[in-house]
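First the proteins, then the strands, lettered A, B, ... as listed; each starts at 1.
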Amino acid sequence: MHNPYDELIRDVRIFLESLSAELGKDITNYLNSVTRAPPNYGYLAIPVHGLIREYGNLEEVINKVPKPRLISRVLLINGYLNIDVNINEYANLVLGAVNSLGEKYGVSDKCPRASYIIEHTSANPAKPMHIGHGRNAALGDSLARLLRFCGSSVRVHFYVNDCGDQMPYVGIGYYVVKDLVLSRVKSGVKPDEVIGEVYSITYAVTEIKRLSKQIEQLSNEGKYDEANKLIGERDEWVSVINNFLNRDRELTESLIKGLGKFEDLPLMIKQWSRAYEEGDEFVRKVIREAVDLVLRGFRATLDRLGVYFDSWDFESEVAVDNGGVSRVINELLTRAPQYVEREDGALIFRADKYAQDLGLWDELRLPRYIPKATLLRSDGTSLYLTRDIAYALWFWANFRFDALIRVIGSEQTHPQAQLRLALHAMGYHELARKIMHYSYEMVNLAGMKMSGRRGVYVTLDELINETKSRVMDLVKSRFTPEEADKVAEAVAVGAIRYSFVSVSPNKPLTFSWDKVLNLRQNSGPFIQYTYVRANSIIEKAGVVPRLTNIPSNIAGEEKELVLILGEYPEVIAKAAQDLRLEYITEYVNRLSLLFNSYYEKYPVLNSEPGIREFRLNLVNAVRTVLGSAMEILGIPRLSRM
RNA sequence: GGCCCCGUAGCUCAGCCAGGAUAGAGCGGCGGCCUCCUAAGCCGUAGGUCGUGGGUUCAAAUCCCACCGGGGCCGCCA
């Protein structure tokens with residue numbers, strides 16, 4: 001496999017081996033501390049302060065030792081071995097590899113090659129996806145693309161959480177205003193948007209009814225302080241309703257009117273919840289209809305972002321209907337009865353005790369604190385965690401995989417730990433080890449807290465549309481309307497995906513329009529722009545001539561470009577091993593900065609013969625590597641922008 | 001209170017896992033560059049007690065300890 005940087009390191013090793021022989025001591029472990037040398041000091045550097053202390057001046061020995069093919073010079077400065085590259089040889093190697101491999105360049109034997117299942121995004125089918133799901137989707141999808149690029153087999157799953165507590169609200173609300181919802185959808189409103197409103201309004205109405213009842217009761221008992229507290233709470237929900245009245249009077253009023261017919265809405269919610277889990281035909285049909293509408297909306301949004309799934313797993317099917325939940329309970333009771341307790345009729349798994357007794361912290365990568373886990377409510381219904389365990393078993397029964405990567409917010413650290421512990425307790429040790437919680441921190445609104453139930457959030461659609469319209473201002477003068485639309489969409493998607501994936505996932509991300517709408521350097525559009533420039537040169541050239549000769553005096557920028565291009569397979573391997581996509585955005589930004597700087601300074605098409613051929617190959621290599629990285633990051637490629 | 005994550009330039013972040021030479025980018029600021037392959041670009045410039053205090057080391061943004069500050073979780077929600 002072609003990994004120029006690795007070949008260079010092999011030569012460094014050879015050099016160190018020769019040096020070892022000369023010194024009579026194995027110093028090849030210094031290979032682990034190879035770093036980049038500062039500008040003008042060559043390419044690589046190895047700190048050898050210890051060696052100098054031990055052997056005094058090393059210069060003589062260094063000069064005595066022959067230099068392997070790819071190394072042009074080794075100098076001892078400030079306690080460092082500064083190693084420079086034989087750039088002609090190396091350029092041949094790098095450009096040759098890129099030319100012959102094309103878009104496959106970057107794959108090396110350091111890439112993990114295994115079989116993965118990635119579950120990501122998995123937004124609750126009750127309301128439109130918000131920007132937090134955007135982060136999740138961008139991470140999950142790019143991880144999938146990265147691992148696939150490496151030659152791994154990857155299946156991508158979306159877990160449709162159709163048994164959650166919010167589903168009866170969606171179902172009942174939808175049932176009440178079904179005709180209105182469908183006519184809205186027919187007239188072009190996004191289905192997830194309509195259902196989202198239905199959900200929020202239904203939830204608010206239910207809360208108001210529930211609180212009113214409590215308030216009445218407390219007042220009758222003379223507990224006015226407590227009643228007043230709840231009145232404040234109720235007022236908040238009333239103001240939510242008022243907001244919706246301003247936004248969509250027709251829908252809100254129909255819902256209030258329709259829901260008003262129900263005697264005890266809070267009770268009805270509970271009944272629907274149970275009925276859904278038990279497979280009641282009518283309730284199933286209504287909720288599934290609403291869920292399908294939401295998913296239709298999800299798909300439209302995810303399509304725009306270039307995010308695709310191999311499978312949409314309905315919780316009701318993979319965890320409930322197949323008897324998954326009862327199997328979880330039974331196996332746990334059989335295999336680890338001493339860790340299962342009853343508490344007020346509810347069934348509790350003592351995950352805390354289990355972790356403590358078996359000391360599984362390292363093996364299952366657990367936090368030091370584990371809460372107890374409730375698996376069944378006192379009314380016998382299951383909880384999310386229980387169904388999640390069943391879902392894991394469903395994967396185990398239906399697929400073979402080396403790792404199951406689940407992209408889930410960090411706020412679920414404890415439940416995800418409980419999940420692994422429960423599986424372990426049930427005897428699925430291997431499965432428990434293979435499940436990886438790929439955690440990411442929240443996306444916050446500057447100064448605001450997002451709340452789905454209160455309808456306070458920036459949706460992914462708004463994000464895409466707003467970014468697109470900003471881009472549109474820039475491109476509308478340059479293209480026909482249809483072209484402009486395509487370009488604006490592609491640039492918006494590039495901007496959004498880059499901005500999500502360029503920040504380390506374990507950093508909380510404060511969402512700001514300024515940041516996303518920055519279309520300059522260190523952004524998706526900057527990468528796209530650089531690609532367009534490189535691409536445009538290649539298109540104008542028509543063909544990339546065969547590289548027969550590397551000019552003897554290539555420019556400093558050209559040398560830098562060759563070096564960075566040679567690092568690509570290393571970056572990919574590292575990113576794939578560590579599952580860190582920021583390595584790729586960082587790399588691609590560095591490459592773009594360098595290339596743009598080169599582009600401004602040196603003509604390619606109009607350069608002298610001999611030079612021209614080399615430069616075209618170099619530009620083509622930049623284009624290829626940029627294109628490859630963009631594919632992984634999901635940043636659309638354009639030929640004009 | 002316990003557990004997890006974070007703290008680096010006015011702002012957003014990279015670098016920390018595998019310690020090494022003057023701590024890097026971008027945004028924003030200031031000053032320049034379009035008869036020439038797309039100026040969404042390029043060049044220059046200002047801007048930093050790497051949260052604080054100890055420790056380990058020839059060497060600490062990086063490793064260890066304590067503390068401070070921010071976010072998240074600690075539900076018969078997801």
Report yes if at least one side-chain N or O of [X] is closer than 4.0 Å to OP1 or OP2 of [N]; otherwise report no.
| X | N | value |
| --- | --- | --- |
| A/Lys540 | B/U38 | yes |
| A/Ser536 | B/U38 | yes |
| A/Tyr369 | B/G2 | no |
| A/Thr413 | B/C4 | no |
| A/Arg590 | B/G24 | no |

When the [atom1] atoms of [M] and [N] are compared, how many Å lie between them, rounded to an integer?
| N | M | atom1 | value |
| --- | --- | --- | --- |
| B/G70 | B/U12 | P | 16 Å |
| B/C58 | B/G53 | P | 23 Å |
| B/G31 | B/A39 | P | 23 Å |
| B/C63 | B/G29 | C1' | 38 Å |
| B/C50 | B/U8 | P | 11 Å |
| B/C65 | B/C3 | P | 13 Å |
| B/C68 | B/U52 | P | 15 Å |
| B/A61 | B/A23 | C1' | 7 Å |

Please report, rounded to the nearest Å, how far the [atom2] atom of [N] is from the [atom1] atom of [X].
| X | N | atom1 | atom2 | value |
| --- | --- | --- | --- | --- |
| A/Gln356 | B/C3 | CD | C1' | 14 Å |
| A/Leu593 | B/C27 | CG | P | 9 Å |
| A/Arg520 | B/C43 | CZ | P | 13 Å |

Grab the two heavy atoms, one from A/Met167 and one from A/Asp162, that are nearest each other, plus how far apart they are. CG-O, 3.3 Å
Of all heavy-atom pairs between A/Phe298 and A/Asn124, which one has the smallest distance, and what is that distance?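 Heavy atoms only, the tightest pair is CZ-O, 3.6 Å.
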Looking at [N], which nucleotide sits across from it as a Watson-Crick or G-U wobble partner, both distances under 3.5 angstrom, or is there none?
| N | value |
| --- | --- |
| B/C73 | B/G2 |
| B/G53 | B/C65 |
| B/A25 | B/U12 |

Let me spell it out: for each of A/Ala346 and A/Glu600, pick the nucleotide of RNA chain B with the closest heavy atom. Which residue's pick is nearer the 5' end? A/Glu600
Residue whose nearest RNA chain B nucleotide is more 5′ - A/Glu315 or A/Glu441: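 Counting from the 5' end, the first nearest nucleotide belongs to A/Glu441.
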Among [options], which nucleotide has an atom closest to any side-chain atom of [X]?
| X | options | result |
| --- | --- | --- |
| A/Arg377 | B/U38, B/C77, B/C37 | B/C77 |
| A/Arg53 | B/C43, B/C58, B/U38 | B/C58 |
| A/Asp165 | B/A40, B/G72, B/A78 | B/A78 |

May I ask you to check whether A/Trp312 and A/Tyr159 place their ring centers less than 6.0 Å from one another?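 Ring-ring flag for A/Trp312/A/Tyr159: false, centres at least 6.0 Å apart.
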How about A/Tyr587 and A/Tyr568: are their ring centroids closer than 6.0 Å?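 Yes, the ring of A/Tyr587 comes within the 6.0 Å limit of the ring of A/Tyr568, centre to centre.
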Base, sugar-phosphate, or nothing: which does A/Pro603 touch, judged by heavy atoms less than 4.0 Å apart?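 A/Pro603: base contact, heavy atoms under 4.0 Å.
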Under 4.5 Å between any side-chain heavy atoms of A/Lys486 and A/Leu638, yes or no?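 Side-chain contact under 4.5 Å: no.
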What's the base orientation of B/C58: syn (chi within 90° of 0) or anti?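 This nucleotide is in anti.
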Does a salt bridge link A/Asp473 with A/Arg470, judged by any charged N lying under 4.0 Å from a carboxylate O?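 Salt bridge flag = no for A/Arg470 with A/Asp473.
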Expected rows: protein N/O vs nucleotides 14-18 of chain B N/O, under 3.5 Å:
unit_1 : atom_1 : unit_2   : atom_2 : d
B/A14  : OP1    : A/Ser504 : N      : 3.3
B/A14  : OP2    : A/Lys507 : NZ     : 2.0
B/C17  : N4     : A/Lys574 : NZ     : 3.3
B/A18  : N6     : A/Lys574 : NZ     : 2.3

